[in-house]
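One structure is given here, and the rest of the page talks about it.
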Number of protein chains: 2
Amino acid sequence: MQSTAEENYIKAIYKLSGGGTNAVSTTGLSETLQTKPASVSDMLRKLSAKDLVHYVKYHGVQLTEEGQRVALKIIRKHRLWEVFLVQKLHFTWDEVHEVAEQMEHVKSELLIQRLDEFLGHPRIDPHGDPIPTEAGELRQEEQRVLASLAVEQKGVVCRVKDSQPAFLQYLNRVGIQIGTQLQVVDKIPYDNSLEISIDKSKSVILSSDVLEKIFVINP
Amino acid sequence: MQSTAEENYIKAIYKLSGGGTNAVSTTGLSETLQTKPASVSDMLRKLSAKDLVHYVKYHGVQLTEEGQRVALKIIRKHRLWEVFLVQKLHFTWDEVHEVAEQMEHVKSELLIQRLDEFLGHPRIDPHGDPIPTEAGELRQEEQRVLASLAVEQKGVVCRVKDSQPAFLQYLNRVGIQIGTQLQVVDKIPYDNSLEISIDKSKSVILSSDVLEKIFVINP
DNA sequence: AAATTTATTTAGGCAAACCTAAACTTTAAT
DNA sequence: ATTAAAGTTTAGGTTTGCCTAAATAAATTT
């Protein structure tokens with residue numbers, strides 16, 4: 001079992017290395033972790049002794065396979081809690097991070113299993129980042145533009161291409177956010193707009209303009 | 001802001017002193033906290049310096065008013081998380097404690113406010129213990145036996161007087177647990193049984209035997 | 001290629017929260 | 001009222017995770 005500090009190092013190495021494969025520098029870690037390089041050296045020796053990282057003095061670190069497994073577990077917890085905070089407790093994106101950062105360190109397999117179930121096995125977090133599976137797989141879903149869905153097809157919103165306040169407010173009003181489940185109810189051939197049902201309830205008609213700016217993954 | 005260790009000491013003092021008023025011994029604390037008496041002495045000096053406890057060497061500790069405020073905040077968090085785990089994630093009573101013990105230390109006012117709201121401002125936890133208010137008040141509700149409720153009256157289950165498996169399984173099947181909201185739909189004078197609606201949905205008829213074993217607080 | 005700058009590690013320290021062993025109080029027993 | 005036992009504190013030590021300052025290695029300039 002790892003301490004909170006160790007977990008934060010592993011997460012940081014994972015993020016900086018873009019998945020654990022590339023080597024990461026001591027200074028880079030010290031910056032993301034807000035500590036001094038000397039402290040990082042200390043910890044790397046420790047993580048290396050635990051076989052969680054490959055560490056070659058003066059030449060950076062990478063995660064071992066075990067290290068990657070641990071990293072993905074933490075990321076899974078972090079992202080599931082983010083979904084919980086946004087979807088159930090109505091946190092906004094910017095309020096989420098600090099709290100999830102604490103919750104991700106709570107130790108309980110059962111808790112995460114049940115949380116995942118409670119949230120309906122979400123595949124992406126409120127930022128659109130994928131949630132690793134229980135087995136530790138980070139599946140990269142194929143993204144499709146909402147405009148390309150046929151009638152009856154379903155999708156989960158994973159990205160929006162326009163971040164202008166007016167557009168985001170519009171999405172807010174119709175009830176669309178990252179993670180929202182959509183289904184095409186009908187197609188209006190006249191102007192290529194679609195009738196979309198949102199989270200299995202109310203439906204709205206979206207113009208082809210809007211449809212081009214929303215990306216979904218297959219459900 | 002207190003550390004996790006400090007919070008655990010404060011909670012332990014609160015519990016052992018039965019609300020913070022009576023003095024608590026070093027050995028008592030060392031037993032509940034699973035540490036050595038010497039470590040307790042250390043921490044008491046520290047908490048005393050922070051004015052969270054009144055500590056007289058060789059004569060025990062009590063919480064100061066500030067200490068009591070802190071204790072009630074932690075207990076509030078603990079019990080709210082217990083409600084969440086049982087009602088939303090379907091944990092059983094015995095699985096709850098260890099996890100809530102970790103979650104209670106997550107720091108975020110907003111989180112607790114929102115959690116409380118999400119759970120519908122519960123007044124008792126899954127063991128029937130009262131949840132302190134946001135203002136730090138521990139209201140002791142008046143308990144009434146379910147049999148004494150009149151038609152239309154509501155109540156929240158707070159205690160059951162029979163802990164035999166057969167009885168608990170029966171309650172389980174009809175959907176009654178600590179925290180369940182009940183309302184008397186009708187009274188059957190013939191045998192003094194009551195028709196009770198459970199969590200605002202399905203209703204059942206409970207015999208007067210059963211009605212005598214269930215306690216509720218007014219809603 | 002040598003010199004300088006930058007990056008990294010080592011050495012030595014500090015605070016938190018624990019420990020053991022020894023010293024000291026209080027309580028209980030004779 | 002002494003003495004023994006039990007409870008508590010102090011003194012000194014450990015580990016974790018951080019720090020600063022000094023030493024060393026790598027990268028960059030000249």
Side-chain angles (χ1 to χ4, degrees), chain A residues 1-17 22-63 67 70-71 74 98 101-102 104-107, chain B residues 1-17 22-63 67 70-71 74 98 101-102 104-107:
Chain A
M1 199 87 296
Q2 296 80 228
S3 70
T4 295
E6 286 170 344
E7 288 188 352
N8 285 333
Y9 273 88
I10 289 171
K11 215 178 36 160
I13 296 169
Y14 185 91
K15 292 215 169 133
L16 281 179
S17 71
N22 307 323
V24 165
S25 75
T26 301
T27 331
L29 280 170
S30 85
E31 277 159 11
T32 44
L33 288 165
Q34 304 268 57
T35 58
K36 301 292 156 176
S39 309
V40 174
S41 289
D42 260 14
M43 183 59 96
L44 293 184
R45 205 166 13 78
K46 194 172 149 193
L47 291 176
S48 184
K50 287 194 175 188
D51 280 320
L52 291 165
V53 300
H54 292 301
Y55 172 43
V56 183
K57 275 188 205 172
Y58 295 104
H59 295 280
V61 251
Q62 306 171 248
L63 294 176
V70 172
I74 305 166
E98 190 190 338
E101 204 83 345
Q102 295 179 67
E104 77 191 1
H105 298 295
V106 173
K107 263 96 182 165
Chain B
M1 198 84 303
Q2 295 79 232
S3 70
T4 295
E6 286 169 344
E7 289 188 351
N8 285 333
Y9 273 88
I10 289 171
K11 215 178 36 158
I13 296 169
Y14 185 91
K15 293 214 169 137
L16 281 180
S17 71
N22 308 322
V24 166
S25 75
T26 301
T27 331
L29 281 170
S30 86
E31 275 160 12
T32 45
L33 288 165
Q34 304 268 54
T35 57
K36 301 291 156 179
S39 309
V40 175
S41 290
D42 259 15
M43 182 59 96
L44 293 184
R45 205 168 10 79
K46 196 172 147 192
L47 291 176
S48 185
K50 287 193 177 188
D51 279 320
L52 292 164
V53 300
H54 292 300
Y55 171 43
V56 182
K57 276 188 206 175
Y58 295 104
H59 296 279
V61 251
Q62 309 172 246
L63 293 177
V70 172
I74 304 166
E98 189 191 337
E101 203 83 344
Q102 296 179 65
E104 77 192 2
H105 299 296
V106 172
K107 262 99 182 162

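Letters A, B, ... are given to chains in the order of the sequence lines, protein chains preceding strands, and every chain is numbered from 1. Both backbone and side-chain heavy atoms feed into the values below; hydrogens, waters and symmetry mates do not.
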What's the CE-C1' distance between A:Met43 and C:dT9, to the nearest Å?
16 Å

Between D:dC18 atom C1' and A:Gln34 atom CD, what is the distance in whole Å?
14 Å

For A:Leu16 and A:Leu29, which heavy atoms make the closest approach, and how far apart are they?
CD1-N, 3.8 Å

Atom CZ of B:Arg45 to atom P of C:dA16: distance rounded to whole Å?
11 Å

If you count heavy atoms of other groups shown closer than 6.0 angstrom to NZ of A:Lys57, is the number above 12?
no

How is A:Thr26 classified with respect to the nucleic acid when contacts are heavy atoms under 4.0 Å: base, sugar-phosphate, or nothing?
sugar-phosphate

Between A:Gln2 (CD) and D:dT16 (P), how many Å, whole number?
14 Å

Between A:His59 and B:Tyr55, the residue closer to the 5' end of DNA chain D by nearest nucleotide is B:Tyr55

One should read off an interatomic distance between A:Tyr9 OH and A:Ser3 OG, to the nearest 0.5 angstrom, of 10.0 Å

Nearest-angstrom distance from the residue atom CG of A:Asp42 to C1' of D:dC19
10 Å

Measuring from B:Leu52:CG to B:Ile13:CD1, what's the distance to the nearest 0.5 Å?
9.0 Å

With a 4.0 Å cutoff (strictly under), does any side-chain N or O of A:Lys57 reach OP1 or OP2 of C:dT10?
yes

In this structure, how many angstroms lie between the C1' atom of C:dC18 and the CG atom of B:Asn8, rounded?
14 Å

Residue whose closest nucleotide on DNA chain D lies nearer the 5' end, A:Ala38 versus B:Tyr58:
B:Tyr58

Distance in angstrom units between B:Lys36 NZ and D:dA6 P, rounded:
17 Å

Touch check for B:Ser41, heavy atoms < 4.0 angstrom, all strands: base, sugar-phosphate only, or nothing?
base

So which heavy atom on A:Gln102 is nearest to which on B:His105, and how close?
OE1-O, 4.1 Å

Go through D:dC18, D:dA26, C:dC19 for me and flag the one nearest to the A:Ser39 side chain.
D:dC18

CG of A:Leu44 versus C1' of D:dC18: gap in Å, rounded?
14 Å

